[in-house]
There are 2 protein chains.
Amino acid sequence: MSPSRRTRRATGRGHSGGGARHGTAAGQALTGSVEDYVKAIYELAGASGGAAATTDIADRLAIAPPSVSGMLRRLAALELLTHEPYKGVTLTAAGRRAALRMLRRHRVIETYLARQLDYPWDRVHAEAERLEHAASDELIDRMASTLGEPAVDPHGAPIPSREGTMADIPQRMLADQPVGARTRVTSVSDDDPALLRYVASLDIRPGASVTVVERGPFEGPLTVRVSGKGGTERQHVVGLAVARAVNVDAPRGPARRGG
Amino acid sequence: MSPSRRTRRATGRGHSGGGARHGTAAGQALTGSVEDYVKAIYELAGASGGAAATTDIADRLAIAPPSVSGMLRRLAALELLTHEPYKGVTLTAAGRRAALRMLRRHRVIETYLARQLDYPWDRVHAEAERLEHAASDELIDRMASTLGEPAVDPHGAPIPSREGTMADIPQRMLADQPVGARTRVTSVSDDDPALLRYVASLDIRPGASVTVVERGPFEGPLTVRVSGKGGTERQHVVGLAVARAVNVDAPRGPARRGG
DNA sequence: TTGTAAAGTTAGGCGCACCTAAATATTCTG
DNA sequence: CAGAATATTTAGGTGCGCCTAACTTTACAA
Ligand SMILES: [Mn+2]
Ligand SMILES: [Mn+2]
Ligand SMILES: [Mn+2]
Ligand SMILES: [Mn+2]
């Protein structure tokens with residue numbers, strides 16, 4: 001006697017190892033790795049449905065190119081993307097859906113951590129990068145609801161809706177703005193904590209006003225004037241790496257000097 | 001040119017696959033599976049440092065016994081436990097530390113979900129079972145701090161301190177109490193949502209007063225009188241499975257009938 | 001156009017975390 | 001105490017997710 005129930009199994013797995021999970025990933029639960037790949041590909045290719053290159057994916061995920069090559073084959077088998085060997089990959093509709101779902105999860109978590117748990121904005125990304133795979137849909141929805149369905153994350157990136165739609169406002173890099181352009185910061189790339197701390201120290205945050213004062217020659221540094229929230233105006237010289245991490249909206253005409 | 005930085009690697013892994021991670025797990029990051037194993041073994045063997053049996057571990061984790069056998073060898077290599085083949089396993093000091101760390105994480109998360117995100121008490125366990133492996137120490141500490149360093153989780157289980165100590169109050173099962181025993185519910189086993197919903201419907205929760213009125217013969221059902229919070233008194237007949245899931249403190253003398 | 005550099009893929013391998021089938025050790029029972 | 005029942009381990013195998021080394025394809029430049 002003593003039933004020694006031992007239900008599930010057969011398909012029941014633990015954390016990562018063995019098991020089936022093949023075929024067309026329709027509604028299937030994806031692995032954390034697969035989730036990160038589709039998210040990265042979406043971010044590289046853009047909402048416009050362009051193609052992403054193997055080495056770019058490898059670079060972004062810090063994975064060796066042959067590993068990416070192998071994974072792309074699997075993602076193609078799952079029908080999350082189409083793979084033109086030696087050319088690149090393009091997400092299918094299912095792939096874009098999966099990517100937008102992950103972007104929503106990631107950004108809701110970041111926003112929750114920042115607003116409800118006082119996380120500094122340079123540390124939310126790393127935490128969200130792991131939690132996004134572990135949280136249930138219910139948890140994401142409860143977080144979003146608690147926050148009042150936020151529209152943007154702490155770095156200014158838009159949060160896809162529960163239904164998987166996201167405003168597709170074309171981003172421009174501060175690095176590409178001409179001298180004289182007066183722009184508003186929409187978002188800051190969030191994967192480098194040190195860079196985030198640095199730009200924050202310059203008052204460069206979503207919503208800040210930034211005017212390009214001067215561009216160094218030969219892809220040189222930019223001199224920018226930053227209008228902080230308290231009406232303060234400060235001028236800084238920032239390198240291209242920083243200027244490429246800062247996204248701005250369309251310039252609203254060259255600002256006259258000394259308005 | 002174009003540095004194509006591709007730092008880390010060599011030891012840098014992704015979500016689960018390949019890599020080193022051998023030897024004595026001193027301060028090492030453990031895999032999610034390893035974390036679940038030590039937690040399960042601690043719960044089975046008790047704080048007293050007893051031994052846990054292979055099939056019991058297999059049963060609790062819903063994993064086939066041969067898989068457990070193999071994992072126990074690895075846990076022994078990590079010096080998280082000692083393995084007496086065909087006899088059982090005993091956690092080492094490092095193993096107990098790891099287990100208590102996981103118990104703290106699990107229970108802090110459960111408490112946070114219940115108190116800050118209005119999670120119903122029957123759903124926090126499944127969510128915590130996954131998040132406990134993904135959350136950083138910082139996140140756990142911020143949650144605990146936000147909650148005011150809670151001492152017990154939503155099911156009444158004690159939360160180990162940040163330093164890894166936990167009050168070791170011996171638990172008694174309601175199922176073992178003699179007729180007439182008047183006890184207070186300390187905790188309820190939380191792994192079966194349906195059972196949790198059921199006992200909550202009977203007002204059996206941590207803090208509730210329960211008196212054993214009658215015991216059915218041959219390991220039969222118990223008739224209990226439950227004093228709810230609002231001074232209500234209700235009598236129920238509960239099966240042994242339920243009575244075994246409810247933990248109570250030491251009985252405070254037989255209650256006289258009709259006080 | 002042809003050679004070379006860069007990008008991408010194939011081949012082979014490893015550890016993790018599972019599985020089933022079969023063997024073995026231990027415990028219970030008559 | 002022999003045989004049966006139960007517990008546990010060994011043997012062999014799978015998919016995931018990564019790696020390095022070697023090869024192939026594509027892009028660029030003299
Ligand atoms: Mn992020
Ligand atoms: Mn991630
Ligand atoms: Mn629990
Ligand atoms: Mn777990």
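Throughout, a chain's letter reflects where its sequence line sits, starting with A, and its residues are numbered from 1. All of these numbers come straight from a predicted model, not from anything done at the bench.
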Legend entry - Presence of A:Y37 side-chain N/O under 4.0 Å of D:dC18 phosphate oxygens OP1/OP2: yes
Legend entry - Side-chain heavy atoms of A:M71 within contact of A:V34, under 4.5 Å: yes
Legend entry - OP1 or OP2 of C:dT9 under 4.0 Å from side-chain N/O of A:R73: no
Inset, instruction - Considering just the side-chain nitrogens and oxygens of A:H83, establish if one lies under 4.0 Å of OP1 or OP2 belonging to C:dG8. - result: no
Legend entry - Whole-Å distance separating the CD atom of A:E84 from the C1' atom of C:dA7: 15 Å
Inset, instruction - Return the value, rounded to whole Å, for the distance between atom NZ of B:K87 and atom P of C:dT26. - result: 6 Å
Legend entry - Atom-pair distance (CD1 on A:I57; C1' on C:dA7), nearest Å: 13 Å
Inset, instruction - Could you work out which one of C:dT20, C:dT9, D:dC18 sits closest to the side chain of A:S33? - result: D:dC18
Inset, instruction - Specify the residue among B:D56 and A:P85 whose closest nucleotide of DNA chain D lies further upstream toward the 5′ end. - result: B:D56
Legend entry - side-chain N/O A:T54 vs C:dT9 OP1/OP2, d < 4.0 Å: yes
Inset, instruction - Please tell me which of the listed nucleotides, C:dC19, D:dT10, C:dT9, lies nearest to the side chain of B:S69? - result: D:dT10
Inset, instruction - Answer yes or no: does a side-chain N or O of B:T55 lie under 4.0 Å from OP1 or OP2 of D:dT6? - result: no
Legend entry - Close side-chain approach of A:R104 to A:E132, heavy-atom, < 4.5 Å: no
Inset, instruction - Answer yes or no: does a side-chain N or O of B:S67 lie under 4.0 Å from OP1 or OP2 of C:dA17? - result: no
